[in-house]
Novice: 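So that we are looking at the same thing, I have put the structure below in structure tokens.
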Amino acid sequence: MSNACIVGLQWGDEGKGKIIDVLTEDFDTIVRYQGGANAGHTVIVDGKKFVMHLIPSGILHDNKRCIIGNGVVIDPEQLFNEIDELESAGVKVRDNLLISDRAHLVFPYHKLIDKVSEETKGKSKIGTTGRGIGPCYVDKMARNGIRVGELYYLDYFKEALKRNVDEKNEILVKLYNSKPLVYQDIESQYLDFAEKIRPYVCDTAELVNDLANSGKRILFEGAQGSLLDVDFGTYPFTTSSNATACGAPAGVGVPPRYINTVFGIMKSYTTRVGSGPFPTEMDDVLGKEIQEKGGEYGATTGRPRRCGWFDAVAIKYAAMINGVDAAIITKLDVLDGQRSIKVCTGYKHKGKIYSKFPACISLLEESEPIYEEFAGWQEPTENVSSKDGLPKAAIDYISGISRLTGLKINLISVGPSRKQIIKY
Ligand code: GDP
Ligand code: IMO
Ligand code: MG
């Protein structure tokens with residue numbers, strides 16, 4: 001059995017979509033295991049751009065089976081927009097996509113509560129994507145959620161939905177001074193969705209186990225990044241699911257031992273969307289330059305991404321939690337032309353130096369990064385296709401990252417397209 005999991009090692013947007021698209025060739029089935037339409041995975045094929053939010057990035061290969069696992073929270077409206085968009089671009093979705101009957105559904109009240117709760121948080125807002133992710137996972141854990149398979153048990157569905165709408169309307173009206181939602185509208189909208197989604201729905205846990213047991217290779221697709229993981233990220237400035245590889249077995253329904261290899265994806269620098277601590281953030285002209293050059297604008301919300309230097313302390317920690325076997329560096333080309341490049345090797349807090357990633361964000365917020373500096377390179381790397389073609393300074397930088405994180409690097413990405421990849 002040779003299955004793999006792909007995870008982001010930073011705060012998301014590491015280029016997972018592109019790498020999944022590149023690696024899909026070696027796998028039979030690609031499964032998303034957590035998150036929802038908060039994700040934005042960009043893949044560029046023959047100059048055409050696709051952004052996947054819920055559907056696994058493997059969908060662009062027309063002979064691969066793609067699965068949305070039970071750990072994902074599904075907004076049907078978003079799902080059908082995405083299916084329509086992909087199909088009108090000639091991508092075969094209907095034949096290749098399957099959806100877990102155990103995945104939780106995102107309802108309009110989740111999105112509304114996400115929005116109004118952020119508004120009332122003021123300065124301490126998380127800066128969520130507004131896709132209803134947190135409130136939907138709250139309902140899942142509180143055991144109030146409604147799952148895809150329950151759409152087909154009408155009495156159960158209607159009763160659960162009514163209970164939820166009544167409860168959420170109390171919260172919306174009394175706590176947030178918002179307008180109540182109309183139960184009937186949601187019921188009829190979701191019963192329409194139920195029929196549209198029916199051909200895709202099955203017990204995907206059983207399917208993935210059968211596939212894996214019959215020798216098919218499974219690729220587990222992580223969304224967000226390790227530092228956004230609800231347990232191991234910069235809590236509370238995280239998302240609401242386990243974005244690390246730890247989330248994969250539970251989010252798909254396979255034994256943990258079925259994940260044989262973990263690929264960790266990291267940018268050659270760091271970005272973050274939304275609020276929360278970011279020790280290596282470059283709040284200056286250089287940060288802006290990297291933002292522009294790297295096209296660092298959210299694939300889901302269009303918000304500018306905050307940019308900063310590579311943080312080896314955070315990566316070493318993320319690599320430990322995920323058990324990364326092989327790492328992939330993306331966006332090396334974005335650093336072309338820099339005179340010097342920094343890598344964070346520790347945090348200085350009240351005179352003391354920390355070389356471990358802390359559990360509490362206060363230390364991160366109050367600390368100053370300690371940097372090791374590397375010489376930059378002036379040659380463009382976007383057309384380099386082998387390790388030998390890389391500038392010496394770029395190789396030294398990659399070796400530095402490997403030394404400081406303890407990671408074996410096995411691919412380098414030097415541009416957004418499929419071909420811009422170097423075996424390392
Ligand atoms: P994901 O959420 O991890 O899949 O990443 P996103 O798609 O949100 O953001 C990554 C962005 O960088 C996308 O616009 C990609 O097309 C782009 N990208 C991926 N790899 C590279 C690379 O090596 N170089 C450059 N310049 N862009 C890249
Ligand atoms: P991909 O898969 C980057 C961030 C949001 C916010 C926090 C919580 O494209 O890497 P949420 O809507 O999940 O409750 O927001 O998490 N966030 C992401 N940042 N990439 C993502 O996904 C993200 N998904 C959520 O900006 O800070
Ligand atoms: Mg993204």
Side-chain angles (χ1 to χ4, degrees), residues 6-22 32 34-45 47-54 56-57 72-73 75 106 110-111 113-115 117-118 125-138 221-230 233-241 243 265-278 290 292-306 328-336 380-382 384 411-422:
I6 291 212
V7 290
L9 296 181
Q10 294 157 321
W11 280 286
D13 303 327
E14 296 89 351
K16 299 177 291 297
K18 171 188 163 161
I19 301 301
I20 288 157
D21 176 66
V22 167
R32 263 285 298 275
Q34 46 69 236
N38 48 351
H41 296 176
T42 314
V43 181
I44 295 177
V45 185
K48 210 162 166 204
K49 180 171 159 175
F50 298 88
V51 183
M52 268 64 66
H53 299 283
L54 279 164
S57 305
V72 176
V73 291
D75 176 353
V106 174
H110 293 132
K111 291 187 268 189
I113 291 174
D114 193 358
K115 180 171 167 274
S117 117
E118 281 280 274
K125 74 171 184 191
I126 297 165
T128 70
T129 57
R131 300 297 177 102
I133 305 300
C136 184
Y137 278 113
V138 165
E221 172 171 348
Q224 288 78 55
S226 303
L227 305 178
L228 287 170
D229 182 284
V230 68
T234 45
Y235 191 87
F237 296 99
T238 60
T239 190
S240 303
S241 64
I265 319 294
M266 54 201 190
K267 274 181 197 173
S268 61
Y269 50 96
T270 314
T271 62
R272 171 160 211 174
V273 202
S275 329
F278 183 178
I290 288 178
E292 288 309 316
K293 196 158 172 207
E296 297 297 356
Y297 294 88
T300 297
T301 58
R303 291 177 292 175
R305 296 173 182 152
R306 298 154 67 192
I328 295 163
I329 299 180
T330 61
K331 303 192 106 163
L332 186 76
D333 55 301
V334 177
L335 294 182
D336 296 351
T381 56
E382 61 179 357
V384 175
L411 285 176
I412 305 282
S413 171
V414 290
S417 81
R418 268 183 192 170
K419 288 191 187 111
Q420 290 169 301
I421 197 91
I422 302 172

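In listed order, ligands and their atoms are each counted from 1. Computation of the quantities below employed the complete heavy-atom set of this structure, encompassing side-chain atoms and omitting hydrogens, waters and symmetry-equivalent molecules.
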Novice: Check each heavy atom of R272 against ligand 2 and say whether those closer than 4.0 Å belong to the side chain, the backbone, both or neither.
Specialist: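 For R272, there is no contact with ligand 2 at all, from either part.
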
Novice: Starting from atom 23 (O) of ligand 1, what is the nearest protein heavy atom, named by residue and atom, and what distance separates them?
Specialist: S413 OG, 2.5 Å

Novice: Can you tell me if G8 contacts ligand 1 (heavy atom of the residue under 4.0 Å from the ligand)?
Specialist: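 Checking ligand 1 against G8, which is what was asked, there is no heavy-atom contact under 4.0 Å.
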
Novice: Are any side-chain N or O atoms of S275 and backbone N or O atoms of K125, one a donor and one an acceptor, separated by less than 3.5 Å?
Specialist: yes

Novice: Which part of K16 is near ligand 2, with near meaning a heavy atom under 4.0 Å away: side chain, backbone, both or neither?
Specialist: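 The answer is the side chain.
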
Novice: Could you check whether any heavy atom of Q224 sits closer than 4.0 Å to an atom of ligand 2, since that is the contact criterion I want to use?
Specialist: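 It does; at least one heavy atom falls under 4.0 Å.
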
Novice: Tell me the contacting part of F237 for ligand 2: side chain, backbone, both, or neither, using a 4.0 Å heavy-atom threshold, strictly below.
Specialist: neither

Novice: Considering only heavy atoms from C-beta outward, does the side chain of I6 approach that of E221 to under 4.5 Å?
Specialist: no

Novice: Only heavy atoms of V414, strictly under 4.0 Å: list the atoms of ligand 1 that pass.
Specialist: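 This gives 23 (O), 24 (N) as the contact atoms.
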
Novice: Looking only at distances, can you tell me whether any N or O atom of G40, backbone or side chain, sits closer than 3.5 Å to an N or O atom of ligand 2?
Specialist: yes

Novice: Regarding ligand 1, does D333 bring an N or O atom to under 3.5 Å of one of the ligand's N or O atoms?
Specialist: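 Right, the criterion is met.
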
Novice: Which residue owns the protein heavy atom closest to atom 15 (O) of ligand 2, what's the atom, and how far is it?
Specialist: T128 CA, 3.3 Å

Novice: By number and element, which atoms of ligand 2 are closer than 4.0 Å to a non-hydrogen atom of G274?
Specialist: 27 (O)

Novice: Can we say D13 and R305 salt-bridge, meaning some charged N sits less than 4.0 Å from an Asp/Glu carboxylate O?
Specialist: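 Yes, D13 and R305 are salt-bridged.
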
Novice: Which of the atoms in ligand 2, numbered in the order shown and given with their element, are less than 4.0 Å from a heavy-atom of A223?
Specialist: 2 (O)

Novice: Donor-acceptor pair, distance only, cut-off 3.5 Å: does the side chain of S268 make one with the backbone of K331?
Specialist: yes

Novice: Starting from atom 10 (C) of ligand 1, find the nearest protein heavy-atom neighbour and note its residue, name and distance.
Specialist: D13 O, 3.8 Å

Novice: Is G12 close enough to touch ligand 1? Criterion: a residue heavy atom under 4.0 Å from a ligand atom.
Specialist: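 So G12 does not count as touching ligand 1.
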
Novice: Are the side chain of T330 and the backbone N or O of E14 linked by a donor-acceptor pair below 3.5 Å?
Specialist: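 Yes; at least one donor-acceptor contact below 3.5 Å.
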
Novice: Would you please say whether a donor-acceptor pair under 3.5 Å links the side chains of S413 and K18?
Specialist: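 A donor-acceptor contact under 3.5 Å links the two side chains.
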
Novice: Just checking, is any N or O donor in the side chain of T129 or R131 under 3.5 Å from an acceptor N or O on the other one?
Specialist: no

Novice: Please report the shortest heavy-atom distance between G134 and S240, naming the atom on each side.
Specialist: CA-OG, 3.3 Å

Novice: If only atom types and distance count, is the side chain of D336 paired as donor or acceptor with the main-chain N or O of T381 below 3.5 Å?
Specialist: yes

Novice: Considering non-hydrogen atoms of the protein only, which is the closest contact for atom 27 (O) of ligand 2, and what is the distance?
Specialist: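 For this ligand atom, the closest protein heavy atom is V273 O, 3.0 Å.
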
Novice: To the nearest 0.1 Å, how far is atom 13 (O) of ligand 2 from its closest protein heavy atom, and which atom is that?
Specialist: T239 OG1, 2.6 Å

Novice: Are any of the side-chain heavy atoms of M266 and I329 separated by less than 4.5 Å?
Specialist: yes

Novice: Counting from 1, what ligand 2 atoms have a heavy atom of R303 closer than 4.0 Å?
Specialist: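 Near R303, meaning under 4.0 Å from one of its heavy atoms, ligand 2 has 5 (C), 26 (O).
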
Novice: State, yes or no, whether a side-chain contact exists between T128 and N38 at a heavy-atom distance under 4.5 Å.
Specialist: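 Answer no - side chains too far apart.
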
Novice: Quick check: closest heavy atoms across L227 and W11, and the distance to 0.1 Å?
Specialist: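 Here L227 and W11 meet closest at CB-NE1, 3.3 Å.
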
Novice: Just need the protein heavy atom nearest to atom 16 (O) of ligand 1, so name the residue and atom and give the distance.
Specialist: P416 CB, 3.5 Å

Novice: Going by distance only, is there an N or O of G415 that falls short of 3.5 Å from an N or O of ligand 1?
Specialist: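 Indeed, backbone or side chain, G415 has an N or O that close.
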
Novice: Quick test: of every protein heavy atom, which one is nearest to atom 3 (C) of ligand 2, and how far off is it to 0.1 Å?
Specialist: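 I find the closest protein heavy atom is D13 OD2, 3.2 Å.
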
Novice: Please examine the side chains of P277 and R272, heavy atoms only from C-beta on, and report whether any two atoms are closer than 4.5 Å.
Specialist: yes

Novice: Among R305, K16, H41, which one has a heavy atom closest to atom 9 (O) of ligand 1?
Specialist: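 Minimum heavy-atom distance to atom 9 (O) of ligand 1 goes to R305.
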
Novice: Using a plain distance cutoff, I'd like to know if K18 has any nitrogen or oxygen under 3.5 Å from a nitrogen or oxygen of ligand 1.
Specialist: no

Novice: Taking all non-hydrogen atoms of both residues, which atom of G35 and which atom of S241 are closest, and how far apart?
Specialist: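 So the minimum-distance heavy-atom pair works out to N-OG, 3.6 Å.
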
Novice: Backbone N or O of T271 within a donor-acceptor pair of the E296 side chain at under 3.5 Å?
Specialist: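 Flag not set: sc E296 to bb T271 has no pair under 3.5 Å.
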
Novice: Counting distance only, does the side-chain N/O of Q10 pair as donor-acceptor with the main-chain N or O of Y269 below 3.5 Å?
Specialist: yes

Novice: Please name the pair of heavy atoms, one in I20 and one in S57, separated by the smallest distance, quoted to 0.1 Å.
Specialist: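 Looking at all heavy atoms of both residues, the closest pair is CG2-CB, 3.8 Å.
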
Novice: So which protein heavy atom does atom 15 (C) of ligand 1 come closest to, and at what separation?
Specialist: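 Of every protein heavy atom, T42 CB, 4.0 Å lies nearest to atom 15 (C) of ligand 1.
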
Novice: Evaluate the side-chain proximity of D229 to Q224: yes if any heavy-atom separation is below 4.5 Å, no if none is.
Specialist: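 No; the side chains remain at least 4.5 Å from each other.
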
Novice: List the closest protein heavy-atom neighbour of atom 12 (O) of ligand 2: residue, atom name, distance to the nearest 0.1 Å.
Specialist: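 For this ligand atom, the closest protein heavy atom is T129 OG1, 2.6 Å.
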
Novice: Which ligand 2 atoms are under 4.0 Å away from a heavy-atom of I126?
Specialist: 8 (C), 27 (O)

Novice: Who's the nearest protein heavy-atom neighbour of atom 16 (O) of ligand 2, and how far?
Specialist: L228 CD2, 3.6 Å

Novice: Using only atom types and a distance under 3.5 Å, with no angle test, would you say the side chain of T300 pairs donor to acceptor with the backbone of A39?
Specialist: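 A pair under 3.5 Å: yes.
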
Novice: Which atoms of ligand 1 have any heavy atom of V334 under 4.0 Å away?
Specialist: 26 (N)

Novice: Measure across A299 and G40 and return the closest heavy-atom pair with its distance rounded to 0.1 Å.
Specialist: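 Taking every non-hydrogen atom into account, CB-O, 3.7 Å.
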
Novice: Side chain, backbone, both or neither: which part of T301 has a heavy atom under 4.0 Å from ligand 2?
Specialist: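 For T301, no heavy atom sits under 4.0 Å from ligand 2.
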
Novice: Can G8 be said to touch ligand 2, with heavy atoms closer than 4.0 Å?
Specialist: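 Distance cut 4.0 Å: G8 fails for ligand 2.
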
Novice: Does a sphere of radius 6.0 Å around NZ in K115 hold more than 12 heavy atoms from other residues, nucleotides or ligands, not counting ones at 6.0 Å or beyond?
Specialist: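 Atom NZ in K115 is not packed in, count stays at 12 or less.
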
Novice: Where is the nearest protein heavy atom to atom 7 (C) of ligand 2: which residue, which atom, and how far?
Specialist: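 Result for atom 7 (C) of ligand 2: T238 O, 3.8 Å.
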
Novice: Answer with yes or no whether Q10 contacts ligand 1, where contact means a heavy atom under 4.0 Å from a ligand atom.
Specialist: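 Contact absent.
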
Novice: Which heavy atom of the protein is the closest neighbour of atom 5 (C) of ligand 2, given with residue, atom name and distance?
Specialist: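 Here the closest protein heavy atom is G127 O, 3.6 Å.
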
Novice: Would you say I290 and V334 make side-chain contact, with heavy atoms under 4.5 Å?
Specialist: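 Side chain of I290 against side chain of V334, heavy atoms only: contact under 4.5 Å found.
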
Novice: Please determine if R131 has a nitrogen or oxygen closer than 3.5 Å to a nitrogen or oxygen of ligand 2.
Specialist: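 No; every N/O pair is 3.5 Å or more apart.
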
Novice: When only distance counts, is G294 in polar contact with ligand 1, meaning an N/O pair under 3.5 Å?
Specialist: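 G294 vs ligand 1: no N/O contact under 3.5 Å.
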
Novice: Donor-acceptor check, side chain of Q34 to backbone of G222, threshold 3.5 angstrom: yes or no?
Specialist: no

Novice: Would you mind checking which non-hydrogen protein atom is closest to atom 27 (N) of ligand 1, with the distance to 0.1 Å?
Specialist: K331 CE, 3.3 Å

Novice: List ligand 2 atoms under 4.0 Å from W11, heavy atoms only on the residue side.
Specialist: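 In order of number, 3 (C), 19 (N).
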
Novice: What's within reach of the Mg ion (ligand 3), meaning protein N/O/S atoms under 2.8 Å?
Specialist: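 Within the sphere that stays under 2.8 Å of the Mg ion (ligand 3), the protein atoms of type N, O or S are D13 OD1, G40 O.
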
Novice: Working to the nearest 0.5 angstrom, can you tell me the gap between I422 CD1 and I328 CD1?
Specialist: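 Between I422 CD1 and I328 CD1, I get 13.0 Å after rounding to 0.5 Å.
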
Novice: Does the side chain of I421 reach to within under 4.5 Å of the side chain of I19, using non-hydrogen atoms?
Specialist: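 In short, these two side chains touch, coming nearer than 4.5 Å.
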
Novice: Identify the protein heavy atom lying closest to atom 6 (P) of ligand 1, giving its residue, its atom name and the separation to 0.1 Å.
Specialist: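 Answer, as residue, atom name and distance: G40 O, 3.5 Å.
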
Novice: Between G17 and ligand 1, does any nitrogen or oxygen pair lie at a separation below 3.5 Å?
Specialist: yes

